[in-house]
Amino acid sequence: MPSSTSRPVDDPARPGHDLVVVANRLPVDSRTLPDGATEWVTSPGGLVTAMESVMQTVDSGAWVGWAGSPGQEPDPFDADGMSLYPVRLDQEDIERYYEGFSNATLWPLYHDVIVDPEFHRTWWDSYVTANRRFARTAAPVANEGGTIWVHDYQLQLVPRLIREERADVRIGFFNHIPFPSVELFSQLPKRNQMLRGLLGADLIGFQRESDTQNFLAAVRKLLGYHVDGQTISVPGLGAAPVREVVAQTFPISIDSSKVSALTEDEEVRERAEQLRRDLGHPQTIVLGVDRLDYTKGIRHRLKAWGELLGDGSIDPQETVMIQVATPSRERVEAYRQLRDEVELTVGRINGDHSSIGRPAVSYQHRSFDRRDMTALFMAADVVLVTALRDGMNLVAKEYVASRPDLRGVLVLSEFAGAADELRAAVMVNPHDIDELKAAILRAMAMPVEEQEEAMRSLRRQVMENDVQAWAHSFLQRLEHSGASVREPKPTVRLTGESATDPAALDAALDTFAATPRILIASDFDGVLAPIVTDRDAVRPDPAALAALRDLSEMPGVATALISGRALDDLDAHARMPSSVVLVGSHGAEVGALPPWMQAEVLDSAALSMTPEKDALLASITENLRQVARAHPGVEVETKPSAAVLHTRNARGRGGHNATESALEYAVNLPDVTVTPGKEVVEFSVVHTSKGAAIETLARASAADAWFYLGDDVTDESVFGRLGENDVGVKVGGGDTAANHRIAGTEDVAAVLTRLADLRREG
Ligand code: ADQ
């Protein structure tokens with residue numbers, strides 16, 4: 001981009017823009033000249049290469065990004081028909097947000113942990129602050145109803161931050177690098193904040209289908225949101241609408257015809273020929289072009305090359321390798337190490353195999369302009385793309401676009417996104433050095449007809465699917481997904497009696513979440529899991545469990561499940577981490593407590609069986625078994641301090657009759673607590689209730705207020721104890737003392753997730 005076209009934007013009342021691109025870097029970098037003046041030069045990297053040509057086709061476009069130098073940002077200015085809005089990054093932001101969290105945490109994690117990601121909380125804080133700054137610069141720049149397109153892993157929180165300020169704009173996000181599997185992504189501290197940040201967008205684009213699927217799996221598993229195909233329902237509560245967010249695959253490309261046209265340029269052709277002459281007319285030129293990055297597999301390539309020279313498979317008198325390695329992230333330790341290793345290896349190979357005037361590896365640690373780059377591609381008989389992991393890899397496509405003569409062979413790693421499209425390349429697993437060596441030899445020896453056939457197929461792909469087509473399909477999809485904000489889906493539905501509206505529940509949750517010390521507890525069957533005929537086949541909702549798990553890890557929050565099930569049984573089905581307290585048998589059995597809870601408060605309420613109680617329980621159990629034998633389908637469950645009659649599977653009036661008989665018998669029993677529930681009656685020889693349990697837990701956790709979700713009559717003992725600051729939510733129909741109600745288990749996850757969000761944000 002020529003520097004001379006820039007001029008300051010000095011009109012504060014200037015109109016906004018229809019399309020605003022937000023990326024970490026502006027397409028130009030500022031450089032201060034010796035005389036103090038500022039010079040602008042094109043900034044490096046795949047994103048700028050791709051988006052620059054797209055922006056030149058847009059009438060009212062703006063680009064928000066960092067200008068490449070620390071300190072005070074320059075004023076906004078126009079260049080090449082685009083308005084540029086610089087964002088300030090000072091030295092500490094560069095170290096923590098950019099070199100730290102972006103390039104030493106996210107980059108390695110998203111690239112299959114080729115090097116170990118580092119996690120530091122100060123880096124995260126700086127990532128949040130910097131993302132805020134980008135969002136604050138971008139939000140006011142877009143026209144009413146305009147489009148904001150956010151790019152790449154450095155800015156994953158920006159979509160949500162903009163959404164909070166601008167409900168009217170369409171927001172797209174494109175991830176240029178891979179999105180890792182959920183197992184890897186789960187390592188990321190703040191992973192849920194990252195997902196929520198992205199979900200502020202209407203459309204989230206990825207390079208490969210596997211990236212899209214990984215993202216959807218993460219949203220499903222970690223946030224528990226409903227995913228239908230590519231569409232995610234991002235829940236809100238109360239008056240907030242449910243937003244539909246689409247995740248889709250859009251493989252990026254290059255300005256193919258522009259690159260191809262450069263090959264017609266006489267001067268570029270001459271440069272390509274000069275290159276071959278300068279290298280002493282080798283028979284074969286093999287080329288690698290990469291940012292000097294450990295993801296690009298440069299070490300593997302050099303190893304294979306060194307071995308091929310060493311074992312005599314390649315004659316250094318006839319063959320030259322050119323390795324262009326653009327300087328990159330030179331202050332990040334892993335990159336410094338990589339540079340040392342690469343340069344050491346190149347030195348060794350050249351020491352062993354070069355002759356005067358004929359290097360075995362011509363190593364270029366610098367930038368080339370587009371014309372020189374095209375000349376290099378035109379001169380190369382083989383191009384090696386051996387990335388260990390790469391979002392797309394534009395170099396592969398640039399090589400293909402530079403070969404209208406249909407000559408040349410592309411060796412392509414199956415771990416580069418381009419491998420999904422460029423099927424006619426020589427595919428390779430770069431981790432397998434033997435396979436890589438064989439692929440290089442095969443490429444060097446490929447007959448001309450075979451080269452032409454492969455290149456024709458590759459060119460069809462690259463020339464038809466250029467970067468303009470990519471941008472067009474993304475923006476069109478975004479335009480259609482912009483209408484995705486719907487009226488509240490019945491995330492929280494009301495069913496009548498004593499119900500409050502969702503807004504009231506939302507407000508109650510808001511206040512509750514802001515209370516310093518809270519206890520959040522829930523029944524299990526009929527709340528976290530739908531009621532099923534076979535009690536052992538119960539399947540809790542993973543989203544609800546995930547939200548509860550999230551809550552259990554937050555400071556000032558105690559969490560518990562309080563169930564009629566025996567403790568072991570509850571434990572086996574809920575599979576909660578130890579941070580969630582399990583209470584079984586309606587409060588008679590209490591599981592392990594987190595160390596910070598006051599165990600002594602609970603001790604007095606814990607299960608205390610005596611020989612008399614044992615005998616009483618045995619006789620109750622025997623009686624219930626007799627009742628069950630008389631009524632097919634009726635079952636008896638035994639617990640440490642109770643026996644339970646289950647009538648859910650009884651036929652006809654069998655359940656009713658069995659319950660009648662059991663209750664009639666119980667009337668005459670001393671010291672037995674009879675608790676009828678949904679198609680179940682419990683006979684307990686210990687005097688407890690869920691209500692007593694919640695009180696005890698609230699005391700043990702020193703909670704200022706508690707929250708409880710329950711569906712059964714047994715939960716009414718909890719709701720009956722609601723204090724002024726407590727929140728009770730009845731799940732489903734029926735009389736209740738609870739102060740709020742939701743329709744059924746399908747809404748529970750939304751409530752718990754909302755609570756987790758509110759608490760986290762608070
Ligand atoms: P990068 O990791 O930067 O991009 P890549 O896709 O190969 O990787 O793009 C590099 C670009 O820089 C190419 O256009 C290349 O020609 C150019 N380049 C490389 N070395 C150069 C040099 N010495 N001089 C001049 N130009 C040079 C990220 C992701 C990729 C994804 C792109 C686009 O990591 O996977 O393909 O974004 O989405």
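Just so you know, ligand 1 is whichever comes first in the structure, and atom 1 is the first atom listed for that ligand.
Heavy atoms of Val324 found under 4.0 angstrom from ligand 1 belong exclusively to the side chain. In Leu394, the parts holding a heavy atom less than 4.0 Å from any atom of ligand 1 are both the side chain and the backbone.
Ionic pairing of Glu266 and Arg271 is not present here: no N-O contact between side-chain nitrogen and carboxylate oxygen is shorter than 4.0 angstrom. Salt-bridge formation is not detected for the pair Arg329/Glu99: no Lys NZ or Arg NE/NH1/NH2 atom is positioned less than 4.0 Å from an Asp or Glu carboxylate oxygen. With respect to the salt-bridge test (charged N to carboxylate O, under 4.0 angstrom), the residues Arg291 and Asp293 qualify. Under 4.0 Å is where a charged nitrogen must lie from a carboxylate oxygen, and between Glu421 and Arg460 no such pair does. Ionic pairing of Glu333 and Arg336 is present here: one or more N-O contacts between side-chain nitrogen and carboxylate oxygen are shorter than 4.0 angstrom. The pair Arg371-Glu267 meets the salt-bridge criterion, with a side-chain N (NZ, NE, NH1 or NH2) lying under 4.0 Å from an Asp/Glu carboxylate O.
Near Val395, meaning under 4.0 Å from any of its heavy atoms, are these atoms of ligand 1: 7 (O), 15 (C). Close approach of ligand 1 to Gly391 (heavy-atom distance below 4.0 Å) involves ligand atoms 35 (O). Under a 4.0 Å criterion applied to the non-hydrogen atoms of Val289, ligand 1 contributes the atoms 19 (C), 20 (N). Close approach of ligand 1 to Glu398 (heavy-atom distance below 4.0 Å) involves ligand atoms 13 (C), 14 (O), 15 (C), 16 (O). Close contacts between ligand 1 and Arg291 involve ligand atoms 1 (P), 2 (O), 3 (O) [criterion: under 4.0 Å to a heavy atom].
Ligand 1 lies within reach of Gln207, whose nearest heavy atom is under 4.0 Å from it. The closest approach between a heavy atom of Trp107 and any atom of ligand 1 is below 4.0 Å.
Counting only non-hydrogen atoms, the option in His151, Met392, Lys296, His365 that gets closest to atom 1 (P) of ligand 1 is Lys296. When Asp390, Ile177, Asp290 are ranked by how near their heavy atoms come to atom 35 (O) of ligand 1, first place goes to Asp390. Considering each of Arg366, Met373, Arg370, His111, the one bringing a non-hydrogen atom nearest atom 27 (C) of ligand 1 is Met373.
Any N or O atom pair closer than 3.5 Å counts here, and Ile252 shares no such pair with ligand 1.
Taking both residues in full, the closest heavy atoms of Gln154 and Asn24 are given as CD-CB, 3.8 Å, listed atom of the first, atom of the second, then distance. When every heavy atom of Gln451 is checked against every heavy atom of Gly408, the shortest pair comes out as OE1-N, 3.0 Å.
The aromatic ring centres of Phe174 and His176 sit less than 6.0 Å apart.
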